[in-house]
Amino acid sequence: MVFAQTASATFAGHNGRIYFVGQAFTWAPPDQIYSIAPDGTDLRQLTSFGGFHFADAVPSPDGTRLATTGYGGDYIDQVYLMNTDGSGFTQITHDTSATYFVTDWSADGTHLLALKTIRATDASEIVEIALDGSEQVIASGGTRADGGFADYGLPQSTPDGSIAYLSDQGNARFGYDIYERRVDGTTARVTYLGDVDTYDFSPDGARLVVDRDQGTAPASTRSGS
Amino acid sequence: MNSDGSDQTLLTPFASNYDTTDQLDAHFSPDGSQIVYYSEQPYGNTNLFTVTPDGSSRTELTFIDDPYSSAPRAVTPRWAVAPAPADTTPPTTVDDAPGGWVNHAVVVHLTATDDSSGVASTFFSVDGGPQQTGTNVDVPAPADHSNDGTQAIRYFSVDNAGNVEAAHTILVRIDTTPPTVTVAFDATPNAAGWYRTPLHATFTCNDDLSGVASCPGPLTVGEGANQVISGTATDAAGNTGVTAPVAVNVDLTAPVVAFSGNAGTYTVADAVAITCNASDNLSGVASSTCTSVNAPAWTFGLGSKTLTASATDVAGNQGSGSATFTITVSISSLDQLIGQFFGGDAGGASGLIAKADAITAAPNATAKQGKLNAFEKQVTAKLGKPLTKAEADALDQFASAL
């Protein structure tokens with residue numbers, strides 16, 4: 001498919017630092033947030049929270065803040081915000097009946113997109129979370145090919161204003177494809193690959209990079225237009 | 001790629017020890033020129049890599065080949081946009097206030113720009129009043145002129161980094177009051193409201209706020225009735241003031257005294273009928289000595305006679321006129337006059353006519369004098385029968401002139 005470039009497409013600008021979660025065997029505490037310059041230099045550890053585990057670190061559109069997923073002693077992942085220097089750590093979600101995995105910001109930096117999993121039922125849904133913690137459901141429900149409840153994952157803001165996400169509805173379990181909830185409220189299936197692990201749109205919306213898990217072959221990073 | 005999975009480019013077709021397992025969580029760089037991902041290694045480590053979108057160039061960012069290394073196992077990389085550099089420059093605000101005086105309400109638009117962090121707020125105050133937030137400054141201009149004058153607007157903006165712009169002060173000048181303009185003349189009219197010389201008008205203009213931009217120049221008013229004199233002044237704000245209209249009457253032309261019906265020469269038997277008329281086409285005749293004549297020619301006596309008259313118009317201009325005529329006598333006209341004097345008494349007239357004819361028929365001066373004496377005795381004899389004394393004297397005079 002061709003991802004049309006629209007007037008609302010965002011061009012984030014110059015490349016900044018890369019943020020990631022470091023999982024050290026011998027480190028304590030583990031699973032902290034780091035950043036590194038794009039050339040591999042200037043490695044920095046941003047957090048050092050004992051007993052707290054981070055899952056990811058998603059930079060805000062203006063590059064000044066990070067949305068993160070993490071858990072402490074309760075092992076319940078919630079969403080947090082911090083500045084890119086590690087300061088200003090603030091918890092955003094407080095619903096302990098569910099776990100969250102934040103994956104993106106809205107283009108204007110006012111909302112977060114996350115996967116929410118209800119702990120009691122293991123049902124997943126895509127939610128949009130305002131920075132005050134209020135949220136609304138973007139996608140939920142649906143069934144897989146085997147009749148089970150569909151799973152969801154990795155919501156992202158797309159350059160044309162839609163919200164993309166993964167779902168295995170209609171496929172085998174965990175056989176994910178990309179879907180979009182468009183600005184007009186309709187939902188459309190974008191890919192028919194059945195094995196998308198992760199994906200990302202290029203800043204101009206013209207290209208797509210996906211990680212596929214193709215059976216026994218190693219998953220590979222692919223891009224296309 | 002297409003949604004059916006075609007048109008794919010494999011970005012990581014590597015077969016080294018570091019690429020034999022999963023490559024995961026790929027994300028574009030903000031400028032789209034590279035993709036970052038992490039790759040699981042045979043020893044269980046995970047490293048970060050960047051690769052160009054066409055797969056032609058790959059860079060390993062965190063090289064780890066020792067599972068017990070103190071270097072981190074890197075997962076879930078995300079590439080941030082470079083934050084905007086620190087903003088230490090205050091915003092810049094400009095206005096579109098009119099440069100001079102205006103006679104209407106003004107909305108001054110304040111336009112603030114900040115190339116870095118962006119404009120947070122623009123503040124303004126008017127004439128030292130309370131500080132307000134906004135970009136439109138209303139300066140009213142009510143019809144009661146209550147807001148006339150100079151309004152000082154002070155404004156500045158603050159950017160999102162907290163930089164405060166040095167305040168600007170501009171002046172908005174409102175003048176809704178028209179200028180005054182008056183007219184003065186170099187003469188005063190007569191009691192009837194007329195001038196009889198050219199009139200010079202001068203205008204005086206004044207405006208206390210924006211000042212006079214234009215004022216009418218002096219005028220010379222020529223002849224005419226009910227000439228409306230008016231002038232318009234304009235001030236620097238565009239207001240106009242007009243004089244109260246003044247109607248003036250100017251008459252530079254004297255009245256005309258004309259005599260009509262003058263035949264020029266009359267015999268003593270003729271009647272003289274000359275009409276005198278005084279006229280003035282503009283202000284009109286105020287007074288006149290004009291008298292018409294309608295009388296027997298003999299009553300004027302013989303010789304050249306002149307009638308004169310004068311007139312004054314309402315504006316005070318004076319004019320005059322005259323008519324000259326001559327009274328003559330001949331034997332025939334004398335005979336006719338005698339007949340007129342005697343009316344229906346043809347017998348009485350015939351004797352006197354005969355005596356007159358004898359005068360002209362006398363062969364010499366001595367004889368003529370004798371005939372004249374005879375005529376005069378006859379005239380005297382006719383006094384009261386029917387000649388009046390004036391008629392008798394006239395006949396004697398006329399006979400002597402034959």
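Being a predicted model, the structure only gives us computed values, none of them experimental. By convention in this document, chain letters (A, B, ...) are assigned in the order of the sequence lines, proteins followed by strands, and residues within each chain are numbered from 1.
At a threshold of 4.5 Å between non-hydrogen side-chain atoms, the residues A:P38 and B:W79 count as touching. Residues B:L61 and A:I18 form a side-chain contact, since some pair of their non-hydrogen atoms from C-beta on lies under 4.5 Å apart. Residues A:R207 and B:P53 have side chains in contact (heavy-atom distance under 4.5 Å, counting atoms from C-beta outward).
In this structure, A:P203 and B:S29 approach most closely via the heavy-atom pair CG-O, 3.3 Å. The shortest non-hydrogen separation linking B:V81 to A:G63 is CG1-N, 3.3 Å.
Looking at A:D56, the atoms closer than 4.5 Å to chain B (heavy atoms on both sides) sit in the backbone and in the side chain alike. Residue contact with chain A, scored on non-hydrogen atoms closer than 4.5 Å, involves the side chain of B:T50 exclusively. At a 4.5 Å heavy-atom cutoff, the contact between A:S60 and chain B is made by backbone atoms alone.
The distance from atom CG of A:D62 to atom OG of B:S117, rounded to the nearest 0.5 Å, is 11.5 Å. In this structure, A:F20 CZ and B:H27 NE2 are separated by 14.0 Å, a value rounded to the nearest 0.5 Å.
Using a distance-only test at 3.5 Å, with no hydrogens or angles considered, no donor-acceptor pair links the side chain of B:T59 to the main chain of A:D39. The backbone N or O of B:F28 lies less than 3.5 Å from a partner atom in the side chain of A:D200, making a donor-acceptor pair. Between the A:N15 side chain and the B:A82 main chain, no donor and acceptor come within less than 3.5 Å of each other.
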**Study point:** Trace of the salt bridge (charged side-chain N to carboxylate O under 4.0 Å, His left out) decision for A:D104 with B:R78
**Key:** CA-CA 10 Å; A:D104 205 2; B:R78 295 295 290 265; 3.7 Å; yes

